[in-house]
Q: 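Below is the structure I would like to discuss, written out as structure tokens.
Numbering starts at 1 and runs along the sequence shown.
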Amino acid sequence: SKVISMGKELLDALLPVLLLSICDLLDGTAPLISVEAILNSMEADSPSFPKRLWESDCGRILHELLQSHHFKDFWGVQSDRPALRGWTKLLDLWLELRHAWVDSVDGEEKLSAASGVHELFRSEKSREVQQHYLDLYKQLDNFIKFLSMVARYRTVATVAGDAAMYHLRSTLHHLLQEVEISVASTLALLSRIMQEVRKAV
């Protein structure tokens, strides 16, 4: 239960980085940024999170992160979408954007406004931070997958009790190690992104 709560807190804390660090996605004063606020904005038109956010590359990959089956499983969002295992739409989009952004920077020397990236970070000199930003999504997708598995263990514990968890302890221990590694990788990418942002501003 603590692992799930800490995972949700970390995602909420990372949302401003995903929306504001190297991006130009919000109009005017930044609204209260939280997972719940973003999810609600997907259900209806929202002045806080404008349509252009979801039409940009950065908005599209955020949308895929929050609409993945394992995110909904972990966050407790009701979903009519069938369960998908293994490769996800986010990973398809991550790969597509990695290639598209590299090609844009190489061919046209900068990303377009449609990328959602702020003008300060569209040029070839920001290639590394552009890739770190996309890789942060891939890492968060992995993190959420592991947390969705932890959430299932919590359900088993509720239904079957301590005896069942005792038999599953080695698997759960390995899973918690994966969560720990994923957090460390996420924070390392976050540090690199924010280091580049501080240099630019």
Q: For E96, does the CD atom have more than 12 heavy-atom neighbours from other residues, nucleotides or ligands under 6.0 Å away?
A: yes
Q: Nearest 0.5 angstrom please: D24 CG to L19 CG, how far?
A: 11.5 Å
Q: Do R192 and E196 come close enough that some side-chain heavy atom pair is under 4.5 Å?
A: no
Q: In terms of side-chain geometry, is the basic nitrogen of E55 or R52 positioned less than 4.0 Å from the acidic oxygen of its partner?
A: no
Q: Output yes when a side-chain donor or acceptor of S34 lies under 3.5 Å from a complementary backbone atom of A37, and no otherwise.
A: yes
Q: Tell me, please, which residues at least two apart from Y137 pass ring pair (Phe, Tyr, Trp, His ring centres under 6.0 Å).
A: Y133
Q: Mind checking the NZ-OG spacing from K145 to S182? Nearest 0.5 Å is all I need.
A: 10.5 Å
Q: Mark yes when over 12 heavy atoms from residues, nucleotides or ligands other than Q177 sit less than 6.0 Å from its CD; otherwise mark no.
A: yes
Q: Begin with the C-alpha distance, continue with both residues' side-chain angles, and end with the deciding distance and a verdict on side-chain contact (heavy atoms from CB on, under 4.5 Å) for E124 and V105.
A: CA-CA 5 Å; E124 192 275 337; V105 166; 3.4 Å; yes
Q: Verify side-chain contact (heavy atoms from CB on, under 4.5 Å) between L176 and E180, making sure each step is shown before the conclusion.
A: CA-CA 6 Å; L176 292 175; E180 186 178 354; over 6 Å; no
Q: Given L140, which partner from the list L189, L14, L190, L62 fulfils the side chain to side chain contact (heavy atoms under 4.5 Å, CB included) test?
A: L14
Q: For the residue pair I22 and S126, establish whether any side-chain heavy-atom pair is separated by less than 4.5 Å.
A: no
Q: Are side-chain heavy atoms of S68 and K89 found at a separation under 4.5 Å?
A: no
Q: Group every Ile, Leu, Val, Met, Phe, Trp and Tyr by side-chain heavy-atom contacts under 4.5 Å, then state whether V129 and V102 land in the same group.
A: no
Q: Distance check, rounded to the nearest 0.5 Å: L90 atom CG versus Q67 atom CD?
A: 11.5 Å
Q: Considering residues at least two apart in sequence or located in another chain, which fulfil the side-chain hydrogen bond (donor to acceptor under 3.5 Å, both in side chains) criterion with D57?
A: R60, W101
Q: Identify whether L147 and L187 are in the same connected component of the hydrophobic contact network (ILVMFWY, side-chain heavy atoms under 4.5 Å).
A: yes
Q: Would you say L95 ends up clustered with L134 if hydrophobic residues are merged whenever their side chains have heavy atoms under 4.5 Å apart, either directly or through other cluster members?
A: yes
Q: Supply the atom-to-atom distance L65 CG to L15 CG, rounded to the nearest 0.5 angstrom.
A: 8.5 Å
Q: Do you know the tightest heavy-atom contact between L136 and V17?
A: CD2-CG1, 4.3 Å
Q: Please test D106 against R127 for side-chain contact (heavy atoms from CB on, under 4.5 Å), starting from the C-alpha separation and ending with a verdict.
A: CA-CA 10 Å; D106 286 347; R127 177 201 295 264; 2.4 Å; yes
Q: Side-chain heavy atoms under 4.5 angstrom apart, residues restricted to Ile, Leu, Val, Met, Phe, Trp, Tyr: same cluster for I144 and M6?
A: no
Q: Please verify the inter-ring angle class for W75 with F71; under 30° counts as parallel, over 60° as perpendicular, anything in between as tilted.
A: parallel
Q: Check whether any side-chain N or O of R122 sits under 3.5 Å from a backbone N or O of V117 as a donor-acceptor pair, and report yes or no.
A: yes
Q: Give, for atom OG of S56 and atom CG of L111, the distance between the pair rounded to the nearest 0.5 Å.
A: 11.5 Å
Q: Below 4.5 Å, heavy atoms only, C-beta onward: do E119 and K110 meet side chain to side chain?
A: yes
Q: What verdict does the side-chain contact (heavy atoms from CB on, under 4.5 Å) test give for F74 and L11, after you've listed the backbone C-alpha separation in whole Å, the side-chain angles of each residue and the deciding distance to 0.1 Å?
A: CA-CA 12 Å; F74 153 65; L11 281 177; 3.5 Å; yes
Q: Quick check: closest heavy atoms across C23 and L18, and the distance to 0.1 Å?
A: SG-O, 3.6 Å
Q: Taking all heavy atoms of F143 and all of V183, pick out the closest pair and write down the distance.
A: CE1-CG2, 3.4 Å
Q: Just by modelled atom types, is the A100 backbone N or O under 3.5 Å from a matching donor or acceptor in the S104 side chain?
A: yes
Q: From D141 CG over to D135 CG, what is the distance, rounded to the nearest 0.5 angstrom?
A: 12.5 Å
